[in-house]
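Notes follow the structure.
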Amino acid sequence: MKRNRGLALISTLLLTSLAALLAVTGMQSSRVEEQAAGANRASASALMAAEYGVSLAIQEISTSNNLNISDTSGSVPGGQYSSLTYSYRATETSGGSLVEAMGRAGENISRYLSVEVEIEGGPVGFDDLSPLNFPGPIDDFDAPNSNAFLVEGVVEDNIDGGSRPAIATSSDEQTNLILGAIQGVGREHNYTGGVESVLAPPPDGEDGGSILSHPDKFKEFLDQLKEFANQPGNYYGQVVQNVVNTGNPNSRTNLGTPDNPMITFVEGDLSLQGNASGAGILVVEGDYGTAGTPQFEGLVIVLGNTFSITGGGQGGLNGALILSPMEDVVDPDDNSVSSIYSEANVVTSGGGNANYSYDSGMLDMAFGMLPDYLKSFWNDNNESIYSVGGVVVKEWTESLEPLAFND
């Protein structure tokens, strides 16, 4: 009897020990599975953070038309982990842009994505300009009183963005000044697209906006353009001095044709008269005036303080004109020099049948004359407010190798 009780006790102890061992093993297994599940969730969250970074990069490329984005980091809003973060960058390629993104959950778990994208429609170049562009202050706007004088922007859907105002200004104050002058002669219906302050500079000197809202950048572009036009052997570049009247055969200068456009810098004033014509890019470093029936195809940039229109006729412009006198100012604190826009004037007499019209074909022709480095400079420093198409994802892959971000 005592022997049977001893065997029962031993059996009970063995069964109890086995049950305890199974319980401990089960607890350890559950802990491992829980840790594995947590790691899987963290890894999935890190991938989500990387995808979030890619989406932000694509959005930035789409809105800014900039294919290069420096390292950018942030935290995913409402993330499961307090330290769920992302980093992304974009580098321009021959076919578009390569977006690289990293997502991180906690301190140790990261996932990496590489995405190739391209922009439908490509950079806009000069296409986002209006027929008349006033990026600086206007002191006086003498609106033409001829019923046949037209400034035609775009309010149709046949161009990217669907519209361009007839006149682009840098502030609501300038817009109201010009609108008041136009309404004063009762000709507001002659300006297709109206007058809009689309060249307003970003707040507090921030980047972005039109290149025309940054006079230092615009001046740098013009300096490089003049250097290019003045290069020996540049068959469509020229720098000429004081061409007072191209309607006079004795002072006529070849300003180009649509088939053979020219990049011309005039060091001084220029008056286009009679049947004078030109095509390409014309930069007048003094005052610019027209009289009679002159016609220009492409882009005209006036750096003097006055743009004048005299007389009637069928002349005008197909493309865009920028009136942007500039002056250098010195910072008294560090003696640094920067450029600002000075006051400009628009002076008219009659206006006749002159027509200043937006023409994307002529603007594309003018932009196409630029060397690649100047095209890149313009596009990199010019954030168009108009639609230029969408961003298309060409290839989406997860990178196994870590990506080095400055985070």
Side-chain angles (χ1 to χ4, degrees), residues 123-138 168-170 199 201 207-232 234 236-243 253 255-256 261-270 272 278-289 296-307 317 319-330 336-345 362-384:
V124 296
F126 295 151
D127 279 351
D128 60 347
L129 296 171
S130 296
L132 298 179
N133 303 269
F134 305 140
I138 297 295
T169 74
S170 60
L199 302 179
D207 293 334
S210 168
I211 189 174
L212 298 183
S213 65
H214 302 278
D216 282 323
K217 290 294 184 182
F218 187 47
K219 184 177 186 300
E220 186 176 350
F221 170 80
L222 291 173
D223 289 343
Q224 293 187 58
L225 179 62
K226 185 173 183 179
E227 182 179 354
F228 172 70
N230 206 26
Q231 289 177 1
N234 186 342
Y236 53 60
Q238 60 182 345
V239 176
V240 295
Q241 294 181 342
N242 297 320
V243 182
T253 296
L255 299 179
M262 299 288 296
I263 299 176
T264 304
F265 273 76
V266 178
E267 295 178 324
D269 298 335
L270 172 63
L272 286 184
I281 301 174
L282 172 63
V283 182
V284 183
E285 296 182 344
D287 294 338
Y288 175 65
F296 196 87
E297 316 284 344
L299 176 63
V300 177
I301 300 172
V302 183
L303 302 180
N305 295 95
T306 302
F307 166 49
L317 169 73
L321 181 143
I322 303 170
L323 177 59
S324 55
M326 284 184 277
E327 59 181 284
D328 292 335
V329 293
V330 179
S336 61
V337 179
S338 60
S339 297
I340 63 170
Y341 291 119
S342 54
E343 289 185 339
N345 299 282
M362 292 297 101
L363 291 173
D364 288 344
M365 174 269 293
F367 191 74
M369 301 172 68
L370 300 179
D372 289 342
Y373 68 89
L374 275 178
K375 290 178 183 177
S376 296
F377 184 91
W378 180 277
N379 286 324
D380 290 346
N381 292 282
N382 183 62
E383 183 179 293
S384 176

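What you see below is based on every heavy atom in this structure, not just the backbone, and it leaves out hydrogens, waters and symmetry mates.
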Could you tell me if the side chain of Phe221 sits less than 4.5 Å from the side chain of Asn381, heavy atoms only?
no

Please report the interatomic distance OG1(Thr169) to CZ(Phe134), rounded to the nearest 0.5 Å.
9.5 Å

Side chain proximity check, Ile281 to Thr264, heavy atoms < 4.5 angstrom
no

For a quick test of reading the model, state the closest non-hydrogen atom pair linking Ser170 to Pro201 and the distance between them.
O-CD, 3.8 Å

Does one side chain, of Asn345 or Asn305, offer a donor that lies under 3.5 Å from an acceptor on the other?
no

Kindly indicate, with the supporting measurements, whether the criterion side-chain contact (heavy atoms from CB on, under 4.5 Å) is fulfilled by Val266 and Val283.
CA-CA 6 Å; Val266 178; Val283 182; over 6 Å; no

When you check the side-chain N and O atoms of Asp216 and Ser338, is any donor under 3.5 Å from an acceptor?
no

Would you mind checking if Lys226 and Glu267 are paired as a salt bridge, meaning a charged N to carboxylate O distance below 4.0 Å?
yes

Determine whether Met365 and Pro261 make a side-chain contact, defined as any pair of heavy atoms from C-beta on separated by less than 4.5 Å.
yes

Walk me through whether Phe307 and Leu321 qualify under side-chain contact (heavy atoms from CB on, under 4.5 Å).
CA-CA 10 Å; Phe307 166 49; Leu321 181 143; 4.0 Å; yes

Is any side-chain heavy atom of Gln224 less than 4.5 Å from a side-chain heavy atom of Tyr373?
yes

Under 3.5 Å, side chain of Asn133 to main-chain N/O of Ala168, donor-acceptor pair present?
no

Inter-residue atom distance Leu129.CG - Phe367.CZ, 0.5 Å rounding
10.0 Å

Has Ser213 got a side-chain atom pairing as donor or acceptor with Ser210's backbone, closer than 3.5 angstrom?
yes

CD/Glu220 to NE2/His214 distance, rounded to the nearest 0.5 angstrom?
12.5 Å

Give a yes or no on whether Glu327 atom CD has more than 12 heavy-atom contacts from other residues, nucleotides or ligands under 6.0 Å away.
yes

Are Leu225 and Leu374 close enough, and set up right, to give a side-chain contact (heavy atoms from CB on, under 4.5 Å), and what steps lead you there?
CA-CA 7 Å; Leu225 179 62; Leu374 275 178; 4.0 Å; yes

For residues Met326 and Ser339, report the shortest heavy-atom separation together with the two atoms involved.
SD-CB, 4.5 Å

Steps toward side-chain contact (heavy atoms from CB on, under 4.5 Å) verdict (Phe377, Ile211)
CA-CA 10 Å; Phe377 184 91; Ile211 189 174; 4.2 Å; yes

From Leu270 atom CG to Glu285 atom CD, the distance as rounded to the nearest 0.5 Å:
11.5 Å

Parallel, tilted or perpendicular: which describes the rings of Phe126 and Trp378, with under 30° parallel and over 60° perpendicular?
perpendicular

Name the orientation class of the two ring planes belonging to Tyr341 and Phe218 (parallel below 30°, tilted from 30 to 60°, perpendicular beyond 60°).
tilted

Is there a donor-acceptor contact under 3.5 Å from the side chain of Asp287 to the main chain of Thr306?
yes

4.5 Å side-chain heavy-atom contact, Leu272 and Tyr288
yes

Got a second to check how far Ile340's CD1 is from Asp328's CG, nearest 0.5 Å?
9.0 Å

So Leu212 and Ser324, do their side chains get closer than 4.5 Å, heavy atoms only?
no

Is there side-chain contact between Leu299 and Ile322, with at least one heavy-atom pair below 4.5 Å?
yes

Is any side-chain heavy atom of Ile301 less than 4.5 Å from a side-chain heavy atom of Val284?
no

When rounded to the nearest 0.5 Å, the distance separating CE of Met369 from CD1 of Ile263 is 4.0 Å

